[in-house]
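Written out below as structure tokens is the structure these notes cover.
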Amino acid sequence: MSRKAAKKPYPEVDPSPNWPALEQAVLDSWERDGTFQRSIDQRPAGEGGRNEYVFYDGPPFANGLPHHGHLVTGYIKDIIPRYQTLRGRRVERRFGWDCHGLPVEMLAEKELGVAGHKAITEYGVGRFNEYCMSSVFRFTGEWERYVKRSARWVDFENDYKTLELPYMESIIWAVKQLHEKGLLYEGYKVMPYSWAAETVLSNFETRMDDAYRDRQDPAITVRFELLPESGDELPTDLLAWTTTPWTLPSNLALAVGPDLDYSVLETDGPDGPRRVILGEETVAKYEKEFGDARRVGSVKGADLVGRRYRPLFPFFESLGGKAGRAFRVLAADFIETDEGTGVVHMAPGFGEDDMRVCQENDIPTVVPVDDSGRFTAEVPTWQGVQVFEANKPIIRDLRDRGLLVRHETYSHSYPHCWRTDQPLIYKAMNSWYVKVTDLRERAGELNQQINWVPSNVRDGRFGKWLEGAIDWSISRNRFWGTPIPVWKSDDPNYPRIDVYGSLDEIERDFGRRPNNLHRPDIDEFVRPNPDDPSGKSMMRRVPEVLDCWFESGAMPFAQVHYPFENKEWFENHFPADFIVEYVAQTRGWFYTMHVLATALFDRPAFSNAICHGVILAEGGRKLSKSLRNYTDPEDIFRAIGSDALRWFLVSSPIVRGGELTIAEDDSQVRDAVRVVINPIWNAWYFFSLYANSDGVEAKLRTDSKQLLDRYILAKTSALVTGIAESLDAYDLSGACQRFVDHLDALNNWYIRRSRDRFWRATLDGVADPDKQDAYDTLYTVLVTLCRVVSPLLPIITEQIHRGLTGEESVHLTDWPTLLDDAADPQLVAEMDRVRSVCSAALALRASENARVRQPLASLTVAGANGALLEPYADLIEDEVNVKQLKLTSDIDDYATFRLQVNSRALGPRLGKDMKKVLAASKQGDWRTLESGAVEVAGFELQEGEYELLLQPKDGVACEPLPSRDAIVVLDLALTDDLIAEGRARDVVRAVQQARKEADLHVSDRIHLALALPDDFRVAVLQFSEYVKEQTLATQLDLRPDASAELAAGLSVHEATLGGGAARVGVARVAA
RNA sequence: GGGCCUGUAGCUCAGUUGGUUAGAGCGUCCGCCUGAUAAGCGGGAGGUCGGAGGUUCAAAUCCUCCCAGGCCCA
């Protein structure tokens, strides 16, 4: 025996490693060796970038720490590029940072203690923006740490930042392009507005947790007097209800639901009889006011449309009359009757719906309220009064004029400014728009060229969103962002607008070149208006900055300073081959990128997009830092590991657009360790243990003739093809599923069934060919597995692959083609059948209380395709522990046939008669014809329209295969020999346990002493050679029952055999 | 209030163009092999597919309504 002296070709493997520590070591080695960069460098770009796989990285805001959601995206962003790299493509991965926008400004406001437009202006826009600039990168270090720890390969050094001058210059170029294409215009948009902080709020801010609070407001019902028309019998009023009386001075229209019914009531007023009109379903609510009124008729809303009415106030009278379109009844689709009167007052300056409906009817927008929420000179009566303060005098005024029908107090949930605690108002603000409505159709066409995962996003979420797209408001009344590059004359008498698309153009007109496009520097670029002969009016930049979504949407070209530089590069890298984000980005980054690509290049911006779902905490709630309902990813990295987290996330429904609920205790991540990581590691551990112990060095080889080897090679070949198929289709969880299935075949079939081939003695230091085949095959399979799974488990496969091959990195290898010729679907199918035979036999043993260690005389497989199992007889006998496998086609003793109708095939032919056929076949009322066909309920079924399945007879110990075409039967009769052999195996089992407890190596030879109950002693005597061989015993002592005198020097272990006490003594003997 | 999505085993989810006895993993129960792995293996139980109607020879699947939850827009 030369085992001890043999070289160890493979590293010593820890059977249960500390995963986080192992991961950190691998990550460190990548960092040290520049493995990521080399994985890119070794792939040529090809002519015109033809061999490149283009990936765009959507830029995150770095003003908070990454959570599970970012990690899902990050893992996918890593997996696809790693896979494409394996396939030989060059995949550059450039990180990007979203630097501008409200989140940054909000943080700055909070930390500087300056709230709102006014305070910031006083504080100084320059200082404010400097602060934003300095704070925006505060978390980049953390981000980089998380990203690197998650084993995501991405280039942080060559990153792009949306605040850099070249990036911003590309942005203003894009704005100018839109302008030249007639896609840019200035208009109004109703926004949530904080009059206290003098700032517009984003939707995001109004949705913050504590923004909505209960508030009491006046709710009043007001009369609007219709202008008389021919056919009117009496003066008539429409009743409208509002909770914002201060908007009534700005009323320009009324709206009704065209399909709603309205009641006409007649009352006796102080000036004689009048009529009022209100929604039929709302009449009951006005019992108090109109309880004694006479109902004189009913009209449809549509009948009221077009009627003119007398303005409540004189302030905007000029917009009505003959010239204007205001002060009419309009049709609207959103009118309800559960609150109010079914008639809605419209103030287009203060309501989004109002503005939309009024614009559709050519009614202009008026906004007689200034930045601090006070009425302007346009409403002289209340000029300077804050709008909420103005409610009372307005109501009093209406009451005095007899226009107030009802005044009540209304309690409702109302949004408040999160900074000042004051109620918000909705107010039309000046805004710049991209005319998406003009692009909509083309954007929809280009969307058809995009491969979305899941596929329903294309015509669903994204497609629908495109169809309903409205013009995109791209300006923000804020400070920290790329400026809108528009200069306007400050004198409306000499109007002029200039849009600048480059630093050169600005330099040309202003005589100097900006070195910073941010405010306030850029605002200092002022020049005389060339169109003003008086020379007094000046061209000044409009105050707004761009929506930061415009900047991220411009990322494909702005990241390379296109078109000022890298023109050719851009042409070769647009559209991207692949991007991924979560599903809400169909309204965010996916959308803005698509809109800009459509507008500027008439091409889609990306060819393949994964749109993953959202992560929820237990109970379906949102992940919330304050609720602490999830574990910080870094803690998971530290405690469990990144590959496990990666596996858990990307094998979940989330990568198919679904939701994923994560357990607070991270048990799902631990499950990934147990289900995937430990098994693949154990396979490697097994290999290294025996290969080292034998001194066998394995080679990549696929030509073993051994059946199990052929099987696992064929199975692995199918896995290689399957994973490529899944990943080519961007189906990550499908790829994961294939691997899990494969692991079961490898560990719990191939390795388990091949074990004795590995531990068979080496003859004179020369491995016998079968043993070498086993090593080579397992080695080949493991190396192949590591490669194809490396995108999904990048760290653990790296470690194993290094151990196996000594090569530096699995991520520098090529996609394996070695097993392409090893595919053998028939062999795989046969082996699957073998496994189902064994499984059925083991189930039968379990139900018959026949422990597997007890050998049985025979296993019979009765039914179809018996010959197919012939070559696998040894395997089945060994697995099921029977002396003989019997194959027969004679089933009569055990089972009968049952007719199984193939509804899918037969249904279309028989239609209604299916019922009869199904009933008859269920009752067994059918017969086989001479021709081989089957007759049932008077119908003749042809081949393919039915199947004959086996049904075990009652009282027979047998088990059908899942395919129901064969049945397994065990011979349960025991002979003395069989019983003795079973006992011998029990003893072997006890000895193996003792070996393990004594911490012996798997190849140690031992001195074995046994003190056994009599019947077991006899059994061991009978099978002593077998026992010695199985336990590697060179010497065997047998003593009476539980002898207390086992020799000194032995490690003694207690055991129970057949209900009696036994003692097992083992000691290593020198090799 | 409107639009979209979801509802299948105790939990997390699959379920192809409607077609046989609705599947998987985890958990649970019972058992067991083992000279890699008890952080293992095998087997069993567990579902009137959210509810009610409808279409059909046939519905988890198609249609309508309702209920519950989520997202988006008001």
Side-chain angles (χ1 to χ4, degrees), chain A residues 13 15-16 203 333-339 351-353 456 460-461 464-465 468 583-584 586-587 613-614 616 618-622 648 651-654 656-663 667-668 670-671 673-675 677-679 681-690 693 733-734 737 740-741 744 747-748 751-752 755-756 758-759 838-840 842-847 849 851-853 879 881 899-918 921-922 946-947 949 959 964 985 988-989 991-993 995-996 1000-1004 1006 1029-1032:
Chain A
V13 177
S16 52
N203 283 334
D333 52 10
F334 56 85
I335 309 292
E336 291 148 24
T337 52
D338 46 346
E339 276 177 338
E352 206 172 328
D353 280 328
N456 60 2
R461 246 176 206 271
K464 291 256 164 62
W465 178 250
V583 45
T586 46
R587 281 105 193 266
V614 294
L616 300 172
E618 271 183 18
R621 289 190 303 259
K622 277 186 178 174
F648 162 57
S651 64
S652 79
I654 201 168
R656 289 175 174 165
E659 287 174 355
L660 176 66
T661 310
I662 56 170
S667 54
Q668 297 145 313
R670 284 175 224 281
D671 285 346
V673 176
R674 212 155 44 82
V675 173
I677 295 187
N678 280 342
W681 187 262
N682 280 332
W684 155 231
Y685 175 69
F686 175 89
F687 173 85
S688 69
L689 182 66
Y690 284 101
S693 145
S733 62
Q737 188 52 53
V740 170
D741 294 345
D744 188 54
N747 276 6
N748 298 326
I751 292 183
R752 192 159 59 78
R755 266 184 305 213
D756 63 345
F758 290 93
W759 69 63
C838 291
S839 173
L842 291 170
L844 193 52
R845 270 185 174 273
S847 66
N849 264 326
R851 68 200 156 92
V852 182
R853 221 179 286 137
E879 172 72 8
N881 196 17
L899 177 69
Q900 178 70 56
V901 175
N902 181 352
S903 308
R904 181 168 254 169
L906 203 53
R909 177 158 81 88
L910 293 190
K912 288 195 181 186
D913 293 323
M914 277 296 286
K915 269 196 171 149
K916 292 179 213 161
V917 171
L918 285 171
S921 66
K922 203 164 201 172
Y946 68 93
E947 270 179 290
L949 302 183
E959 180 80 18
R964 293 258 163 181
R985 282 191 64 156
V988 167
R989 161 81 194 115
V991 174
Q992 304 299 13
Q993 188 61 36
R995 284 182 62 112
K996 184 171 276 181
L1000 298 179
H1001 188 264
V1002 291
S1003 59
D1004 283 339
I1006 58 168
E1029 180 200 311
Q1030 288 292 307
T1031 60
L1032 297 184

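Note that the structure is predicted; figures quoted are calculated from it, not measured.
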Of A:Gln1030 and A:Arg587, the one whose closest RNA chain B nucleotide lies more 5'
A:Gln1030
Is there a side-chain hydrogen bond (donor to acceptor under 3.5 Å, both in side chains) between A:Asn678 and A:Asn682? Walk through the geometry before answering.
CA-CA 6 Å; A:Asn678 280 342; A:Asn682 280 332; 5.8 Å; no
Without decimals, in angstroms, what is the distance between A:Asp744 CG and B:rA24 C1'?
12 Å
What does A:Arg670 touch in the nucleic acid at a heavy-atom separation under 4.0 angstrom: a base, only the sugar-phosphate, or nothing?
nothing
Side-chain heavy atoms of A:Val988 within contact of A:Arg853, under 4.5 Å
no
Please classify the nucleic acid contact of A:Gln737 as base, sugar-phosphate, or nothing, using heavy-atom distances under 4.0 Å.
nothing
Using both distances under 3.5 Å as the test, list the Watson-Crick or G-U wobble partner of B:rU48, or none.
none
Please tell me if the side chains of A:Leu1000 and A:Leu1032 come closer than 4.5 Å, counting only heavy atoms from C-beta onward.
no
Rounded to whole Å, the CZ-C1' distance (A:Arg845 to B:rC30) equals 17 Å
How far, in whole Å, is B:rC65 from B:rC71 if one measures between their C1' atoms?
23 Å
Using atom C1' of each nucleotide, how far apart are B:rA9 and B:rU56 to the nearest Å?
29 Å
What integer number of Å spans the C1' atoms of B:rA38 and B:rG31?
14 Å
Rounded to the nearest angstrom, tell me the gap between atom CZ in A:Arg752 and atom C1' in B:rC32.
11 Å
Could you tell me how far B:rC32 sits from B:rC13 if I compare only their C1' atoms? Round to whole Å.
30 Å
SG (A:Cys838) and CZ (A:Arg845) are apart, to the nearest 0.5 Å, by 11.0 Å
So A:Asn747, base contact, sugar-phosphate only, or nothing? Heavy-atom distance under 4.0 Å.
base
Gap in Å between the two P atoms, one belonging to B:rG27 and one to B:rG18, rounded:
37 Å
G-U wobble or Watson-Crick pairing nucleotide for B:rG23 (cut-off 3.5 Å, both distances):
B:rC13
Any A:Asn748 side-chain N or O less than 4.0 Å from OP1/OP2 of B:rC41
yes
Categorize A:Ser839 for me: base, sugar-phosphate, or nothing, with a 4.0 angstrom heavy-atom threshold over every strand shown.
sugar-phosphate
Rounding to an integer number of angstrom, what distance separates B:rA58 and B:rG1 when you compare their P atoms?
38 Å
Mind checking the CD-CD spacing from A:Gln992 to A:Gln1030? Nearest 0.5 Å is all I need.
7.0 Å
Closer to the 5' end of RNA chain B via nearest nucleotide, is it A:Tyr685 or A:Asp353?
A:Tyr685
Under 4.0 Å: is that the gap between some side-chain N or O of A:Arg853 and OP1 or OP2 of B:rC32?
no
Roughly how many Å is it from CG in A:Asp671 to P in B:rA24, rounded to a whole number?
17 Å
May I ask you to say what A:Ile751 touches in the nucleic acid, namely base, sugar-phosphate or nothing, with a heavy-atom cut-off under 4.0 Å?
base
Integer angstrom distance from the C1' of B:rC73 to that of B:rU12
31 Å
Considering just the side-chain nitrogens and oxygens of A:Arg995, establish if one lies under 4.0 Å of OP1 or OP2 belonging to B:rG35.
no
Taking any strand in view, what nucleotide pairs with B:rG43 in a Watson-Crick or G-U wobble way, both distances under 3.5 Å?
B:rC29
Write down the distance between CZ (A:Arg674) and C1' (B:rA39), rounded to a whole number of angstrom.
7 Å
Have a look at A:Leu689 and say if it touches a base, only the backbone sugar-phosphate, or nothing, with a 4.0 Å heavy-atom cut-off.
sugar-phosphate
Aromatic rings A:Trp681 and A:Trp684: how do their planes relate, parallel, tilted or perpendicular, breaks at 30° and 60°?
perpendicular
How far, in whole Å, is B:rG50 from B:rG44 if one measures between their C1' atoms?
28 Å
Strictly distance-based, threshold 3.5 Å: is any side-chain N or O of A:Arg752 a donor or acceptor partner for the main-chain N or O of A:Asn748?
yes
